[in-house]
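Whatever order the structure lists ligands and atoms in, that order sets their numbers, starting from 1.
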Amino acid sequence: MKQPVRVTVTGAAGQICYSLLYRIASGEMLGTDQPVILQLLEITPALGVLEAVKMELNDCAFPLLQDVICTDDPKVAFTGSDYGLMVGAKPRGPGMERADLLKDNGKIFSTLGKVINEVANPDMKIVVVGNPANTNAYILMKNAPNLNPQNITALMRLDHNRAIYQLAEKADKSMNTVTKMTIWGNHSTTQVPDIAHTMIGEDTAPSLVDATWANEEFIPKVAKRGAEVIAARGSSSAASAANGVIDHMKSWVLGTKDGDWVSMAVYSDGSYGIEEGLIYSYPVTCKDGEWTIVTGLENSDFITEKMKASEAELQEEAKTCSDLF
Ligand code: NAX
């Protein structure tokens, strides 16, 4: 039996985590041979609900679950942590501007970055989910210089999975035939879902769906899918977001399939002309716990222009929060 690993999850009493924690404890994320200790962080008023989450986790009698630690102290939550799933953040309130949300949630990530820098395992792998996810990851990275910046990522897998569904539906093919989907950029409405290099079985996606649909319907449909779910449900995507987190970490830790790639927001090395150091979504392959950006893809002027617009948004967000690092 492997040694247990410590998985810290923030916002653990919230909606996404109610769909996430049980899947981690069952072994879906890190493998069915990997025991886990869950270190769950919440704000003080949510500790009562968190205790109920712990009761239910225990009542599942998961063989891999070694311990559940519930706390409102970030130092306790991140001590010795190997994996960090950063879900906890404030939702955008009525009349709140995006810049206000950025500043409010940015503060959470600068505080947690400092704590992680002090007490976590320096090889810790992090995925940021709380919005604005890419910029929160950027703020965390700037406040945690002891960590390898390549180990600080943001979630794009929900967007990636949404894009696979939309394409498969349009082409009338099964979702498991779709490979090499790409989302570039920021997890916002400037994201760039791109099927130019995508395959459906043995066929290229552009040979099966028309370019007008891909450019004018597919891109906004994927980019605005979150708002569509909110309008129908009254609250933001939770189960599909949790599924995206599981997929993201599983691909990163256990590897991507041969002949396929996934979308992850990662530390930009300047690939495709994007500013180095931004947390930008790229197509990546993963092996032995490390991701590698897929290079050499030819992008049309249309896609390149959109990629630059998403980069500009990230640069602007970083500027808005520059007092936090
Ligand atoms: P909930 O409001 O249900 O849960 C958030 C939890 O975080 C709450 O229980 C709250 O008490 C806790 N929290 C707040 N501040 C905290 C802090 N400083 N430390 C620890 N915990 C804290 O929201 P939920 O639906 O779970 O969504 C969580 C975040 O995910 C939101 O920011 C949301 O916008 C974001 N999302 C990101 C997605 C992505 O693809 N990157 C998609 C889904 C979702 O919109």
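- Side-chain atoms of P283 and W184, non-hydrogen and from C-beta on, do get closer than 4.5 Å to each other.
- Distance screen at 4.0 Å: atom 34 (O) of ligand 1 has a protein heavy-atom neighbour inside the cut-off.
- For ligand 1, the atoms sitting less than 4.0 Å from at least one non-hydrogen atom of I108 are 15 (N), 18 (N), numbered in the order shown with element in parentheses.
- Looking at heavy atoms from C-beta onward, Q34 lies out of side-chain contact with L64 at the 4.5 angstrom threshold.
- Checking only distances, N105 never comes within under 3.5 Å of ligand 1, N or O to N or O.
- In summary, D100 and K103 do not engage in a salt bridge, as defined by a charged side-chain N under 4.0 Å from a carboxylate O.
- For atom 23 (O) of ligand 1, the nearest protein heavy atom is 4.0 Å or more away.
- Here is the list of ligand 1 atoms found below 4.0 Å of a heavy atom in G11: 6 (C), 7 (O), 12 (C), 20 (C), 21 (N).
- At under 3.5 Å, a nitrogen or oxygen of I16, whether backbone or side chain, sits near a nitrogen or oxygen of ligand 1.
- When each atom of ligand 1 is checked for a heavy atom of S236 under 4.0 Å away, the hits are 25 (O), 45 (O).
- Between D82 and R6 there is no salt bridge, since no side-chain nitrogen of the basic residue lies less than 4.0 Å from a carboxylate oxygen of the acidic one.
- With respect to atom 8 (C) of ligand 1, the closest heavy atom belonging to the protein is E42 OE2, 3.5 Å.
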Next on the checklist: side-chain hydrogen bond (donor to acceptor under 3.5 Å, both in side chains) for E313 and N186? Distances and angles first, verdict last.
Outcome noted: CA-CA 8 Å; E313 183 182 50; N186 194 6; 2.9 Å; yes
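- Using a 4.0 Å cut-off between charged nitrogen and carboxylate oxygen, E311 and K308 count as a salt-bridge pair.
- Taking any N or O of V129, backbone or side chain, at least one lies under 3.5 Å from an N or O belonging to ligand 1.
- Taking every non-hydrogen atom of G130 and a distance limit under 4.0 Å, the qualifying atoms of ligand 1 come out as 29 (C), 30 (O), 32 (O).
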